[in-house]
Amino acid sequence: MFNVQTLNKISAIGTDIFDKSKYAVADDCANPEAIMVRSAKMHEMTFGDKLLCIARAGAGVNNIPVDRCAQEGICVFNTPGANSNAVKELAICALLLSSRKITEAAAWAASLKGTEDAPKTVEGGKSKFAGPEIAGKTLGIIGLGAIGGKIANAAEALGMTVIGFDPYLSVGAALQMDPSVKIAADINDIYKNSNYITIHMPYTPQTKNTIDAEQIAMMKDGVRLINLARGELINSQAVIDAIKSGKVAKYVTDFADDIVLGEENVIVLPHLGASTPESEDNCAVMAAQEIIDYIENGNIKNSVNYPNLSMNAVGTKICVIHKNVPTTIASITTAVGNEGINIENMANASKGDFAYTMLDVTGEVPASVEGKINAVDGVIKVRIIK
């Protein structure tokens with residue numbers, strides 16, 4: 001029986017996937033083999049020696065100590081694309097919010113309750129809330145993954161000209177985009193040519209403040225910025241300064257901080273990007289599937305700290321997480337061969353400092369083989385799956 005701990009409320013449509021004869025899913029369990037999490041902070045947690053994987057039911061993994069997990073042989077998954085439609089819809093909403101002064105107009109109209117002749121007052125005051133249409137304007141998208149690609153297609157359908165930048169654009173993602181979407185070779189083309197800019201990329205130390213004062217200076221006067229990805233991707237103070245100078249017309253962000261809250265021409269949403277029941281269901285299902293495939297088959301998909309790798313085995317699988325250093329694979333196969341085990345197939349992949357090797361072996365696998373592989377320099381964790 002494998003124990004799966006849930007640190008947040010996870011949609012039942014996901015947890016129900018687990019076969020109850022093999023898995024016990026609970027909020028509180030000692031030394032689990034897997035953890036499912038949404039927003040719970042895990043950096044101060046101590047992990048038990050049985051923990052194999054952590055699945056984040058969402059895209060961002062800032063709440064998980066990813067590097068420490070890699071060192072401890074714990075595979076960390078996220079669920080890319082599972083919430084993409086929810087974020088796409090909010091991004092289209094944000095485009096309109098940034099243009100039409102909708103929130104301000106609604107607040108003003110609500111303030112008229114109890115006043116005399118409110119309908120006449122509304123008609124007389126509505127001109128204060130006029131704003132431009134998005135059709136015919138240029139939308140710049142930074143990041144054309146599962147979310148950015150959907151936004152590009154939706155914006156094209158709404159009559160916008162779309163230019164996108166993504167240095168890691170995959171062939172699959174490119175094929176799913178409307179052919180009218182222009183792909184920029186230089187991110188500065190986005191800054192210089194867009195009326196609206198939306199950012200959809202992961203947050204790392206390298207992507208912090210991707211949009212800062214220097215980038216804003218390149219932009220068109222009256223540009224409108226949208227950030228539904230991560231707060232740290234855009235320098236809040238630089239945006240506020242640009243709004244006060246008139247350079248930026250509007251900023252819509254899904255991330256509250258004291259700099260942006262209560263500022264004129266800033267709309268702060270309470271992290272609504274993936275807050276739909278459909279998105280939560282999709283993320284929970286994908287997270288559960290990742291855990292099951294890894295525990296039962298050793299396959300890794302959508303890992304953020306180890307390489308993705310899968311294998312269809314005919315015999316027993318020996319799965320090894322190890323450092324990505326020379327001679328390690330040779331030492332692993334030698335250790336297996338010295339135990340009289342025949343290797344039918346082998347697969348290996350690396351990601352940064354870490355690598356994953358899967359061996360498909362036939363015949364009896366003696367208990368001693370796990371210890372022999374663990375003794376190889378650079379090996380972090382060994383699993384034998386029959």
Side-chain angles (χ1 to χ4, degrees), residues 36-43 53-70 74-88 90-91 94 140-152 164-174 176-177 183-184 186-187 190-191 197-212 215 225-236 239 252-257 269 271-275 279-280 282-283 286-287 290 300-308 349-354:
M36 297 181 78
V37 62
R38 289 176 62 196
S39 59
K41 307 299 183 185
M42 302 183 67
H43 286 274
C53 58
I54 298 169
R56 160 76 164 96
V61 291
N62 293 352
N63 57 317
I64 303 171
V66 173
D67 293 339
R68 175 160 65 92
C69 288
I74 301 165
C75 188
V76 179
F77 301 103
N78 67 349
T79 56
N83 61 8
S84 59
N85 190 69
V87 180
K88 176 206 75 175
L90 189 63
I141 304 175
I142 302 173
L144 292 168
I147 294 170
K150 282 185 169 67
I151 294 168
F165 173 79
D166 192 330
Y168 307 107
L169 180 63
S170 68
V171 173
Q176 292 178 19
M177 276 191 296
I183 307 300
D186 187 337
I187 194 171
I190 302 290
Y191 303 138
I197 297 174
T198 182
I199 189 165
H200 300 278
M201 62 195 302
Y203 169 69
T204 67
Q206 291 71 39
T207 60
K208 182 178 181 180
N209 293 339
T210 291
I211 294 179
D212 208 333
Q215 290 72 36
L225 303 178
I226 298 166
N227 182 9
L228 307 180
R230 281 293 175 269
E232 298 89 344
L233 295 173
I234 296 183
N235 186 322
S236 295
V239 173
V252 182
T253 178
D254 212 13
F255 306 96
D257 64 41
L269 305 175
H271 205 177
L272 297 180
S275 293
S279 172
E280 292 178 8
N282 292 340
C283 289
M286 186 180 291
E290 290 164 348
I300 296 178
K301 183 178 180 181
N302 298 325
S303 174
V304 298
N305 60 347
Y306 293 139
N308 293 331
S350 62
K351 184 174 185 175
D353 294 333
F354 299 94

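Sequence positions, counted from 1, serve as the residue numbers for this chain. In this text, all values refer to a predicted model and were calculated from it rather than measured experimentally. Side-chain atoms are counted along with the backbone in the values below, which use heavy atoms only and exclude waters and symmetry mates.
Side-chain contact between Leu169 and Met177: present, with at least one pair of heavy atoms (C-beta onward) separated by less than 4.5 Å. Taking 4.5 Å as the limit, every side-chain heavy atom of Leu228 sits out of range of all side-chain heavy atoms of Ile147. Contact of the Thr253 side chain with the Ile234 side chain is not registered, since no non-hydrogen atoms from C-beta on lie closer than 4.5 Å. Two residues are said to be in side-chain contact when any heavy atoms from C-beta on lie closer than 4.5 Å; Val37 and Ile54 meet this criterion.
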- Please walk me through it: do Thr210 and Ile187 pass side-chain contact (heavy atoms from CB on, under 4.5 Å)? CA-CA 10 Å; Thr210 291; Ile187 194 171; 4.2 Å; yes
- Message: Under the criterion side-chain contact (heavy atoms from CB on, under 4.5 Å), I'd like the reasoning laid out for Val87 against Asp254: C-alpha separation, chi angles, the key distance, then a yes or no.
- Response: CA-CA 10 Å; Val87 180; Asp254 212 13; over 6 Å; no
- Checking side-chain contact (heavy atoms from CB on, under 4.5 Å) for the pair Tyr191/Ile142: CA distance, chi angles, key distance, verdict? CA-CA 10 Å; Tyr191 303 138; Ile142 302 173; 3.8 Å; yes
- Message: I'd like to know whether Ser279 forms a side-chain contact (heavy atoms from CB on, under 4.5 Å) with Asn85, so could you lay out the CA-CA distance, the side-chain angles of the two residues, the decisive distance to 0.1 Å, and finally the verdict.
- Response: CA-CA 8 Å; Ser279 172; Asn85 190 69; over 6 Å; no
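Taking CZ from Phe354 and SG from Cys69, the interatomic distance works out to 10.5 Å, rounded to the nearest 0.5 Å. With rounding to the nearest 0.5 angstrom, the CZ atom of Arg56 is 12.0 Å from the CD atom of Glu290. Atom CG in Asn209 sits 8.5 Å away from atom CD in Gln215 (nearest 0.5 Å).
Checked against Cys75 for a side chain to side chain contact (heavy atoms under 4.5 Å, CB included), the options Val304, Ile300, Asn302 give a single hit: Ile300.
No more than 12 heavy atoms of other residues, nucleotides or ligands shown are found within 6.0 angstrom of CG on Asp353. Counted within 6.0 Å of CZ on Arg230, heavy atoms from surrounding residues, nucleotides or ligands total more than 12; the atom is thus considered enclosed.
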